[in-house]
2 protein chains.
Amino acid sequence: MKPKITIKIIAKELGVSTSTVSKALRDSHEISIETKERIKAYADYYNYRPNNLALQLRNQKTKVIGIILPKIVHHFFSTVISGIEKVANERGYNIMVCFSNEQQQKEIETINVLTNGSVDGLIVSIAKESLRNKELNHFYNLIENEVPLVLFDRVHNSIECDSVIVDDIGAGYKATKHLINIGCKNIGIITTPEHVTVGLDRLQGYERAIKETGIKIDKNLIINVDEDEDIHSQIHKLFDEKIDAVFAVNEIYAATAIRIAKEKGMKIPEELSVVGFTDGLISKYSSPSITTVVQHGFTMGEQAADLLIDRIENDKKERTPQTKVISSNLKIRESSKS
Amino acid sequence: MKPKITIKIIAKELGVSTSTVSKALRDSHEISIETKERIKAYADYYNYRPNNLALQLRNQKTKVIGIILPKIVHHFFSTVISGIEKVANERGYNIMVCFSNEQQQKEIETINVLTNGSVDGLIVSIAKESLRNKELNHFYNLIENEVPLVLFDRVHNSIECDSVIVDDIGAGYKATKHLINIGCKNIGIITTPEHVTVGLDRLQGYERAIKETGIKIDKNLIINVDEDEDIHSQIHKLFDEKIDAVFAVNEIYAATAIRIAKEKGMKIPEELSVVGFTDGLISKYSSPSITTVVQHGFTMGEQAADLLIDRIENDKKERTPQTKVISSNLKIRESSKS
DNA sequence: TATCAACACGAAAACGTTTTCGTAGCATTT
DNA sequence: AAATGCTACGAAAACGTTTTCGTGTTGATA
């Protein structure tokens, strides 16, 4: 990389001091018009632009937001990034993206690296392993050190910080209610293991909707998918039961259910209605297209970024932590009869 | 954010100079064992970690790679990021991700911001608008200033830098050849406008495969999709022709083609075989699952990162620009008969 | 003519770190 | 007793900015 032109160089070449150059470039009244013009012309000609690192060190702020995600190859997360980036950009920030790969150790290391002065604050969705172990000390430390922090989607209420979440209970309720309304009687649910909060919440919404109809919850209709095992065969078990509808807590489970149903010769939506979660490309482009709970990842990202930047820029006024609940809505497509 | 402990503070508290503290923490032989232990104990107790900004300014390197993508909500690009991040991480770098949103102006601005000292090098996939306008001055400037740069996927051969590309011609050939081999006679292709190189290359591969069979290219079987218009209706026109196979240059075109075929009552793969591009989730989970050219985005990311970091760290020895061609292979699924 | 303000600029500190060089104090050698 | 060599540390510069404060020169005022 070619050395870049600096204020120092300009000062030396023009026979003035660095203070004069700095002031001239910022159009200070302290500098005479002629000098200003001379300096500006020179700077312009050599395409001077101030060095960011120097500014960051001096101003003690980086204008960078750190983002730590469990993974990125996932429609929801990339959508969130997109939302964060939009707001960050508008408010003069850049984003530095890292991944925990769902591993607690990498989450800890990444937090360490980023908080050594590289970023002004963090937006995080917690790794599964950390949630499972309930080992959240690295987050408590952030709070302790007053590092601006916003959690989203995968959060934990023992961590006192701003957060942005989906109304998962409400969403599970809405999805199930929709299936009930179109006349389904035996509704299975495909969800995550219990330590994943989002799956648990969606299940709660499901149970509430079912109970309202007076029907008893049938444990056999609840599948907790363990992602370390074969997904297909786990979901397959649900089809041993008599079902006329499936609520899946993500796109992939939904698509897999549809595939199994087709293999069994079940017609969709005539014999089986399916509702998924996350409005990604699979739901939109598979045939039949899949009715889903749309998760507004973009909005979540925007809100998270706004919360974080507000927090960063109002360091003085200690606001009590806020939780923004993003309500989701149902996008009805071909996989559920209307 | 709480003020962090610095070498200065340690020095003052312990009544020594900053040089002594710095040397002690780096275990220099210049410092007596007792002093070293005293300083280390203190630093440890207060959890001292060196400030990254200061190091970056002093070392004149950031250990950060800038990534500029046209968009992120796209399986291919997020896969590439994933690959870049993996290698970057292994080699001690972080990534700073920005988006051009396909706009030339934002691409220019982003490059400007990142090259003001925030990153050691750039990995970029060029925005459509820049390619269409053939306005690539901002890239020529990077070369001029010897900024380490790696382009991937959307590249341009007038820019003299390392690059990582897919063998799109070969891929188009392979996909078409497969359709010919399974007995298809009238193969349509759904591709992009001509200024998008990848689409053009894939079309070339298609044409080569067709010509090899002795059949003449039928212009009516070539659809150039303009993404500003309605995709569905443009693709629909292809079905006015007599076709028994479709090669689509991306997942979405493929899925759309399948949808239209189904609407028309055509059986897949019996009456129509479909091959897509990009091995994303749609292809995998739609039913029928879609035969695709798998694009190895992860590998591309890894290679790009390795090229860039090599370039950054061997600033002296001027290597001539390299181009890595990642060959793609066909993943045969249900949408093409075997 | 002495005083004072305005003008235009420079010196220096600050941000946090590393590294080169210098040196005080002591012990060893001639 | 003088010269030499270690040991253990400190001063200062460097990275590139911004900003506070000081100051020499000019011109106007009393």
Side-chain angles (χ1 to χ4, degrees), chain A residues 1-40 42-43 46-64 113-120 315, chain B residues 1-40 42-43 46-64 113-120 315:
Chain A
M1 190 134 39
K2 265 195 194 166
K4 298 200 188 66
I5 187 155
T6 69
I7 280 195
K8 283 189 170 184
I9 299 180
I10 300 182
K12 186 180 286 179
E13 291 299 315
L14 263 47
V16 294
S17 74
T18 59
S19 354
T20 304
V21 177
S22 176
K23 286 173 190 166
L25 292 175
R26 324 190 92 235
D27 221 9
S28 161
H29 64 274
E30 285 183 42
I31 309 298
S32 72
I33 303 199
E34 306 90 67
T35 311
K36 276 201 268 193
E37 283 185 346
R38 202 161 59 99
I39 292 175
K40 281 184 186 169
Y42 191 96
Y46 288 103
N47 194 24
Y48 167 80
R49 283 164 310 150
N51 179 296
N52 244 325
L53 287 181
L55 286 181
Q56 292 176 15
L57 185 58
R58 163 144 246 276
N59 299 331
Q60 293 291 82
K61 57 187 172 194
T62 63
K63 292 276 181 175
V64 175
V113 172
L114 293 186
T115 52
N116 280 347
S118 299
V119 302
D120 289 343
D315 214 3
Chain B
M1 192 134 39
K2 267 194 193 169
K4 299 202 188 63
I5 188 155
T6 69
I7 281 196
K8 282 190 170 181
I9 299 180
I10 300 182
K12 186 180 286 180
E13 291 299 314
L14 263 47
V16 295
S17 75
T18 59
S19 353
T20 305
V21 176
S22 176
K23 287 172 190 166
L25 293 176
R26 322 190 95 235
D27 221 9
S28 161
H29 64 274
E30 284 184 42
I31 308 297
S32 72
I33 304 202
E34 306 90 67
T35 311
K36 274 201 267 194
E37 285 184 346
R38 203 161 58 98
I39 292 176
K40 280 184 186 169
Y42 191 96
Y46 288 103
N47 193 25
Y48 168 80
R49 284 165 309 152
N51 180 296
N52 243 326
L53 287 180
L55 288 180
Q56 293 178 14
L57 184 59
R58 162 145 244 276
N59 299 333
Q60 293 291 82
K61 59 187 169 196
T62 64
K63 293 276 184 175
V64 175
V113 172
L114 292 185
T115 52
N116 279 348
S118 299
V119 302
D120 290 342
D315 213 5

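Letters A, B, ... mirror the listed sequences (proteins, then strands); counts begin at 1.
Distance CG (B/Asn59) to C1' (C/dT19): 11 Å, rounded to an integer number of Å. What separates CG of B/Asn52 from C1' of C/dC15 is a distance of 14 Å, to the nearest Å. As a whole-Å value, the separation of A/Ile39 CD1 from C/dA8 P is 13 Å. One can place CG of B/Leu53 at 11 Å from C1' of C/dT17, the figure rounded to the nearest angstrom. The separation between B/Lys61 atom NZ and C/dT17 atom P is 18 Å, rounded to whole Å. Summarising the geometry, the separation between NZ on B/Lys36 and C1' on D/dC9 is reported as 13 Å, rounded to the nearest angstrom. Look at CG on B/Leu25: it is 15 Å from P on C/dG16, rounded to the nearest Å. Rounded to an integer number of Å, the gap from NE2 of A/His29 to C1' of C/dC7 is 10 Å.
For the pair A/Lys36 (side chain) and A/Ser28 (backbone), a donor-acceptor distance under 3.5 Å is present.
Rounding to the nearest 0.5 Å places NZ of A/Lys40 at 9.5 Å from CD1 of A/Ile33. Here the OG1-CG distance, from B/Thr62 to B/Leu55, works out to 12.0 Å after rounding to the nearest 0.5 Å. A distance of 8.5 Å separates OG in A/Ser32 from CZ in A/Arg38, rounded to the nearest 0.5 Å.
Side-chain atoms of B/Gln60 and A/Pro3, non-hydrogen and from C-beta on, never get closer than 4.5 Å to each other.
Distances from the side chain of B/Ser32 to the nucleotides C/dA8, D/dA8, D/dT17 place D/dA8 closest. Closest to the side chain of A/Ile7, from the set D/dT17, C/dG10, C/dT17, is D/dT17. Set against D/dT20, D/dT17, D/dT18, the side chain of A/Glu30 has D/dT20 as its closest nucleotide. Residue B/Ile31 places its side chain closer to D/dC9 than to any other of C/dT17, D/dC9, C/dC9. Side-chain proximity of B/Leu57 to the nucleotides D/dT17, D/dC15, C/dT17 is greatest for D/dC15. Here the side chain of A/Lys8 is nearest to one of C/dG16, D/dT18, D/dC15, namely D/dC15.
Heavy-atom nearest nucleotides on DNA chain C were determined for A/Gln60 and for A/Val21, and the one closer to the 5' end corresponds to A/Val21. Nearest-nucleotide mapping onto DNA chain D: of A/Lys4 and B/Gly15, the residue sitting toward the 5' end is B/Gly15.
When the side-chain nitrogen and oxygen atoms of B/Arg58 are compared with OP1 and OP2 of D/dA13, none of them lie within a distance under 4.0 Å. The phosphate of C/dG16 has neither OP1 nor OP2 within less than 4.0 Å of any side-chain N or O from A/Gln56. In terms of phosphate contacts, A/Ser22 brings a side-chain nitrogen or oxygen within less than 4.0 Å of OP1 or OP2 of D/dT18. Contact check, B/Thr35 against D/dC9: a side-chain N or O comes under 4.0 Å of OP1 or OP2. Between A/Thr18 and D/dT17 there is no side-chain polar atom (N or O) within less than 4.0 angstrom of OP1 or OP2.
Residue-to-nucleotide contacts include a donor-acceptor pair under 3.5 Å from the side chain of B/Lys23 to the base of D/dG10. At a cut-off of 3.5 angstrom, the base of C/dA11 holds at least one donor-acceptor pair with the side chain of A/Ser19.
Within a 6.0 Å sphere centred on NZ of A/Lys61, heavy atoms belonging to other residues, nucleotides or ligands number 12 at most.
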